[in-house]
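Taking it in order: structure first as structure tokens, then the write-up.
Here the structure is a predicted model, which is why all the values come from computation and not from measurement. Reminder, nothing fancy here: chain letters follow the sequence lines and each chain counts from 1.
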2 protein chains.
Amino acid sequence: MLDLLIEKIKTDKEYDDNFQKIFVETEITSKTTLLNEGEIANHIYFIKKGCLRLWFNKDGKDITLQFFFENQAVASIDSFLSDKPSMFTIESIEPTIILSLHKDNFARLLQHFPDLKDGFQEIMYRRFSNYAALFLSRIKDTPQERYNDLILNHPEIIKRVPQHYIASYLGITPISLSRIRNRR
Amino acid sequence: MLDLLIEKIKTDKEYDDNFQKIFVETEITSKTTLLNEGEIANHIYFIKKGCLRLWFNKDGKDITLQFFFENQAVASIDSFLSDKPSMFTIESIEPTIILSLHKDNFARLLQHFPDLKDGFQEIMYRRFSNYAALFLSRIKDTPQERYNDLILNHPEIIKRVPQHYIASYLGITPISLSRIRNRR
DNA sequence: TTGGAAAGATAACAATTGTTAAGAAAAGCA
DNA sequence: TGCTTTTCTTAACAATTGTTATCTTTCCAA
């Protein structure tokens, strides 16, 4: 989605000059927090290289909801859209290069490219739908089933993401994941 | 939300005459299914009297997501809005009197009362936000914690809804709920 | 009113996960 | 390279929940 926007801007003379002011490129190390749970989200991030995760705190432990990789847009959407405290933290799990887009600039861009507006609404819709499915799987399926699903449908996550984050994604302890892995 | 719409219509001369054609009142017995998982939702329901629940199937067992009571609007929203197969079933758990509003009439009403449109969008937003919180609690909290929360914040549910549905809402077996109850 | 179905409680056992702890392997950094 | 930290595995025990089965109570409809 943002990739489309970025292309659009780069081919727009007026905006191209300011591109680097609007999309701020930053290099962050592993374990850098971009947004803390409880803060209000002011940016959308676009991952040029690396990997982020979205998680929230439960009694001192973290529960991971989603992983994001190259060419994906990341934000704590609910917070970004409605200025509410974010329910989630966004953090890097690899050295990562991101493009940050500030809320204000985002609003300006939507005004300047009004034909992106509908697309954005549509994308928000789909994102919500995705979240519903994600949550549903979390309720419906056992950790074992969800791990099998990861192997089948998202082997790249298994390969790239440290196991304790995967355990956190599955909602179990690393110890329990270790057991599941050696059960097969 | 629908209650506002209903009021609005009743004070509108042109529409008042057709009210009973638009909002079809139906009396259903307990355990009547209004919408099956997999079907496309064509109606929003408004509960005049009684109680509905929203659930989905997991390996032959049902998992309840939400209960609805008097004066609440109920729909499988994702399906209703985007014509996708419903992820949920809607079923009565008491003899219930509902007002059914068909999708087409709903669209017509929004056109006839355009000032309701923004409010509707806003409500959709809040509904999504609610769902997020609901799902989150389901992931974050133990059945024990969620049961305590029910007692504290929704005693009417405890009183009114049969225990095996509450167990299904908590995501556990009736047996396990029975144990939790006798643990305190 | 009464008989069958539904709802709820209890028990015994199995399966899964969490917790604590300790050690091995791998990765990262000076 | 060598040292420290992080990551992963394994073990033993506790806690929780699921499963199967039985029994009691409640509810509803013929």
Checklist line | Carboxylate-amine/guanidinium proximity below 4.0 Å for A:Glu91 and A:Lys31 | finding: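 No, no charged N to carboxylate O under 4.0 Å.
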Closest listed nucleotide, where the reference is the side chain of [X] and the choices are [options]:
X: B:Pro143; options: C:dT19, D:dT9, D:dT17; answer: D:dT17
X: B:Ser176; options: C:dA7, C:dT10, D:dG18; answer: D:dG18
X: B:Arg179; options: D:dG18, D:dT9, C:dA9; answer: D:dG18

If I take atom [atom1] in residue [X] and atom [atom2] in nucleotide [N], what distance separates them, rounded to the nearest angstrom?
X: A:Ile93; N: C:dG28; atom1: CD1; atom2: P; answer: 13 Å
X: A:Asp141; N: C:dT16; atom1: CG; atom2: P; answer: 16 Å
X: A:Ile180; N: D:dT10; atom1: CD1; atom2: C1'; answer: 15 Å
X: B:Asn182; N: D:dT16; atom1: CG; atom2: P; answer: 15 Å
X: A:Tyr147; N: D:dC8; atom1: OH; atom2: P; answer: 10 Å
X: A:Glu94; N: C:dG28; atom1: CD; atom2: C1'; answer: 14 Å
X: B:Asp59; N: D:dG18; atom1: CG; atom2: P; answer: 13 Å

Please report the closest heavy-atom contact between [X] and [Y], naming both atoms and the distance.
X: A:Ala75; Y: A:Ile44; value: CB-CG1, 3.9 Å
X: B:Gln163; Y: B:Leu177; value: O-CD2, 3.4 Å
X: B:Ala41; Y: B:Ser76; value: CB-O, 4.0 Å
X: B:Ile166; Y: B:Ile157; value: CD1-O, 3.9 Å

Next item on the list: Take the C1' atoms of the five end pairs on each side of the helix from C:dT1-D:dA30 to C:dA30-D:dT1, get both axes, and report the angle to 10 degrees.
Entry: 50°
Notebook entry, point to check: At under 4.0 Å, does any side-chain N or O of A:Lys58 touch on OP1 or OP2 of C:dG18?
Noted result: no
Next item on the list: Would you please confirm or rule out a distance under 4.0 Å between OP1 or OP2 of D:dT5 and any side-chain N or O of A:Lys31?
Entry: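 Result: no.
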Item checked: Charged tip of A:Arg53 within 45° of A:Tyr169 ring normal and under 6.0 Å -> no
Note to self: Under the criterion side-chain contact (heavy atoms from CB on, under 4.5 Å), I'd like the reasoning laid out for B:Lys103 against B:Ile40: C-alpha separation, chi angles, the key distance, then a yes or no.
What the structure shows: CA-CA 11 Å; B:Lys103 202 189 289 195; B:Ile40 291 170; 4.0 Å; yes
Check: Going by distance alone, is a donor N or O of one side chain under 3.5 Å from an acceptor N or O of the other, for B:Thr64 and B:Ser168?
Finding: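 Indeed, the side chains of B:Thr64 and B:Ser168 share at least one donor-acceptor pair under 3.5 Å.
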Margin query: For the residue pair B:Thr32 / B:Thr29, report whether a side-chain donor-acceptor contact shorter than 3.5 Å exists.
Written below: yes
Notebook entry, point to check: Of all of residues 158-174 of chain A, which get a heavy atom below 4.0 angstrom from DNA chain D, listed by number?
Noted result: A:Pro162, A:Gln163, A:His164
Notebook entry, point to check: How would you label the contact of A:Leu177 with the nucleic acid (heavy atoms, under 4.0 Å): base, sugar-phosphate, or nothing?
Noted result: nothing
Notebook entry, point to check: Relative to the 5' end of DNA chain C, which residue comes earlier, A:Thr142 or A:Ile175, by the nucleotide with the nearest heavy atom?
Noted result: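 That would be A:Thr142.
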